[in-house]
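Per chain, numbering begins at 1; letters A, B, ... match sequence-line order.
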Amino acid sequence: MAPRRTVKQEHIKQESKPSLMDSQPAPARVIYWHRTDLRLTDSPALTTALSIPNIESFWPVWCFDPEYVYRHRVGLNRWNFLLESMETISGEYKRSNGDQKLWVLRGRPELVLKRAWKEWGVTHIVWEKDSNAYSKVRDQRIKDLAQECGVQVIDMPGRHLYDPDEVGKANGGKPTMTLHQWQGITKKMGPIAEPGQPPERIPDPGSKSLGVDDGEAWGSYEGEDLNAHIRTGQDTCFERLSGPLEDPFSVPTMAQLGFPPATTTIRGGTIEAHLRLDLFLSNPTAVATFSKPHSEPTSLEPSTTLLSPYIKFGCVGVREIWWGCQRVIEAWRKKGGKGETKEPENMFGQLEFRDMYACAEACTPHFERIRGNHVCRYIDWALSNQYDSTGHEISPRPRSDNEEAEERFEAWREGKTGFPWIDACMRQLKSEGWIHHLARHSVACFLTRGQCYISWERGMEVFDEWLIDWDPASNPGNWMWLSCSAFFSQYFRVYGLVSWPQRTDKTGALVRKYCPELKDFPDKYIYAPHLAPQAVQEKANCIIGTDYPLPMLDEQACKDLCIARIKNAYTLALHGDAPEVLDGSAEPRLKALHEEGGASKEKSGEERGEERREKRRKRNGNESLDGFFKKQKT
DNA sequence: ACTTAGTTGCAGGA
DNA sequence: TCCTGCAACTAAGT
């Protein structure tokens, strides 16, 4: 590997000190590289870029990387949201300066940026800092290249409330694992910055040509195309570095990428983002009394703000949300508002959790997997990643000999588990690219520690592909949380597949929408249609086992088994970086614990589970799955 | 060694 | 909409 060269970042103010002769600084030709921030508001990096003295030319640029299209499995809905957000900001630039737009360079950043620097005589490149593992590697490559080419790099934090790397540093290089810890550290780091003013004026671009354009945009990528399964035909996106001749530097379309149209109803872009934020802020009581745990995952219209996709693509800045809420709540207090919610369940807490995960990710190698991840508890999940003797993940991934787990995973992914609540959530996720936070909890718990005992790595990958608001830190973080692998450990608290959705919606509206084959079942059976008598199934025109699957497992029995096994894993007390995990000896040891009867010397987990089931049967005087009938008013 | 808190469990009861 | 018992986790504080 080539030695890393660090690019010294000098603060603009220092650089703009008047020279000896008090003459104008040399003309600056500046590229602003958009990556995580498709907005003009609340962008410290963009503000910094525009404050460079004596700007002669300015190009807001997006590098559309074909390698990214190949290597990352990104669902249609997220691609679509990205393209819409790019179109929107391009329009915003044009509105500010008729000669401006988002200059989309189609090719690997190393290739197209180097070309642009050379052709356009670029002196500075500025971007918003991104602290996740993938971005750090990419950005370091560009920094090295920039130094070689004599281009000055300025990267500024702004994606989070506090720079995750700085928070980690202040925590002794350790990841923040609780919100309290994160709060304690950031308290000493000063208040959260207020959002800056959006730019008044965007300077003109200079050259509008990349020179010779010989279609080398694909670069030298060789490997598996992870998006092959969603491509419809010939890609035309990367035929030329500067895009189609008739519309150079334009934002690609789904068709150019070889993708069919998206299915989501969620529209991208900074304008939509600000409409959503303003809508939320226009109801001060809702802002001041926001409580995530009490919002409704069963709601047809999102019961939360739906700001997450916009935060993910930087269509809105976190400081705008933070201070917008502060402003509204302050006014609400003055008017005598009552019942204000506190952290962590209020809006501020939600933003803080996002920061906490970002810091945890920035300080944890292999945060997105079990092996080598020192914060992640080792549990012998089915279908977990497999590695060869050199520590590389085996690719392509072989089908496990645990056929039952493979089938359960497939059913979970496709929304065919036979549990309407789970199936509705998974189908909504696939078609909309978004489900409520607590719905994510429910399906994640079910797949991992609740019932299926399947690795969170598998579930995380499905979310990677389908979520529009996918975040490289929050997604693995939340999967570890829900699987009791890190952050959370109360594995005996398991979401019910009937009781949990029933808590907020007895009518099953979400199920009726996303599992339409069940739409004519009475409320009583909507979350457990297999319990409906034959006559009811016939009347609903849906025979369970034929038109809709039977439950693929026994909820209660699997739950008891999972709890017993996780208890054993906790007794073993190994993390992803333990030598036993790396050399493969952890798995047989834990399996032996399961066989022996585990943590409890007298009784095996299975026996304890059986005991609990027995008790429950006595209480209910019926089959465990029938328990929910008792609550129904007839 | 003990207590307490931890965004988001369930069932049953007032 | 609150409470309790369930069987019981970790981390931080006393």
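- If you check every strand for non-hydrogen atoms under 4.0 Å, A/Gly496 touches sugar and phosphate atoms only.
- Contacts of A/Gln350 with the nucleic acid, taken as non-hydrogen atoms under 4.0 Å apart, include base atoms.
- Between the side chains of A/Ser135 and A/Asp130, at least one donor-acceptor pair of N or O atoms lies under 3.5 Å.
- Side-chain proximity of A/Tyr495 to the nucleotides B/dT8, C/dC9, B/dT7 is greatest for B/dT8.
- When heavy atoms are screened at a 4.0 angstrom cut-off, A/His437 is found touching base atoms of the nucleic acid.
- Nearest heavy atoms, A/Cys558 versus A/Arg408: SG-NH2, 4.0 Å.
- Put simply, CZ on A/Phe446 is 16 Å from C1' on B/dG9, counting in whole angstrom units.
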Just the dot-bracket of DNA chain B, please: which string comes out with Watson-Crick or G-U pairs under 3.5 Å, [ ] for crossing, | for another strand?
||||||..||||||

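- Summarising the geometry, the separation between CD1 on A/Ile566 and C1' on C/dA8 is reported as 14 Å, rounded to the nearest angstrom.
- Of the candidates C/dC9, B/dT7, B/dC10, the closest approach to any side-chain atom of A/Lys567 belongs to C/dC9.
- Between the CZ atom of A/Phe488 and the P atom of B/dA5 there is a distance of 17 Å, given to the nearest Å.
- Side-chain proximity of A/Lys292 to the nucleotides B/dG6, B/dT8, C/dT10 is greatest for B/dT8.
- A donor-acceptor pair shorter than 3.5 Å can be found between the side chains of A/Glu320 and A/His274.
- Surrounding NE2 of A/His180 are at most 12 heavy atoms belonging to other residues, nucleotides or ligands under 6.0 Å away.
- Side-chain atoms of A/Glu432 come within 3.5 Å of backbone N or O of A/Thr265 as a donor-acceptor pair.
- Taking atom C1' on both C/dC6 and B/dC2, the two are 22 Å apart, rounded to the nearest angstrom.
- Listed by residue number, there are no residues of residues 356-370 of chain A with a heavy-atom contact under 4.0 Å to DNA chain B.
- Using modelled atom types, one side-chain atom of A/Glu457 and one backbone atom of A/Ile370 make a donor-acceptor pair closer than 3.5 Å.
- Interatomic distance, A/Ile311 CD1 to A/His160 NE2, rounded to the nearest 0.5 Å: 10.0 Å.
- Looking at the side chain of A/Phe492, the nearest of the listed nucleotides B/dT8, B/dA11, C/dC9 is C/dC9.
- In summary, the aromatic rings of A/Tyr357 and A/Phe367 are positioned with their centroids too far apart to meet the 6.0 Å limit.
- We find that CE of A/Met480 is positioned 18 Å from P of C/dT10, with the value rounded to whole Å.
- A straight line from CG of A/Asn478 to C1' of B/dT7 spans 11 Å, rounded to a whole angstrom.
- Remark: C1' of C/dG5 and CD of A/Gln490 are 15 Å apart, rounded to the nearest angstrom.
- Taking the six-membered ring where tryptophan is involved, the planes of A/Phe463 and A/Trp412 are essentially parallel, since the angle between them stays under 30° and well short of 60°.
- Comparing A/Tyr570 and A/Gln181 by the nucleotide of DNA chain C whose heavy atom lies nearest to each, the residue mapping closer to the 5' end is A/Tyr570.
- One can place NE2 of A/His441 at 11 Å from P of B/dT7, the figure rounded to the nearest angstrom.
- C/dA8 sits 16 Å from C/dT4 when the C1' atoms are compared, rounded to a whole Å.
- The side-chain tip of A/Arg276 does not point at the ring of A/Tyr310 from less than 6.0 angstrom away and within 45° of straight on.
- Between A/Thr178 and C/dA11, a side-chain N or O to OP1/OP2 separation shorter than 4.0 Å is absent.
- Of the candidate nucleotides B/dC10, C/dC9, B/dT7, B/dT7 has the atom lying nearest to any side-chain atom of A/Trp481.
- Rounded to the nearest Å, the gap between the P atom of C/dA7 and that of B/dA1 is 26 Å.
- Separating the CD atom of A/Glu296 from the C1' atom of B/dT7 is a distance of 17 Å, rounded to the nearest angstrom.
- Among the protein residues, A/Arg377 comes within range of the sugar-phosphate backbone only, with heavy atoms under 4.0 Å from sugar or phosphate atoms but none that close to a base.
- Listed nucleotides: C/dA8, B/dT8, C/dT10. Nearest to the side chain of A/Tyr491: C/dA8.
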List the steps, then state whether side chain to side chain donor-acceptor pair (under 3.5 Å) holds for A/Asp505 with A/Thr298.
CA-CA 6 Å; A/Asp505 179 23; A/Thr298 46; 4.8 Å; no

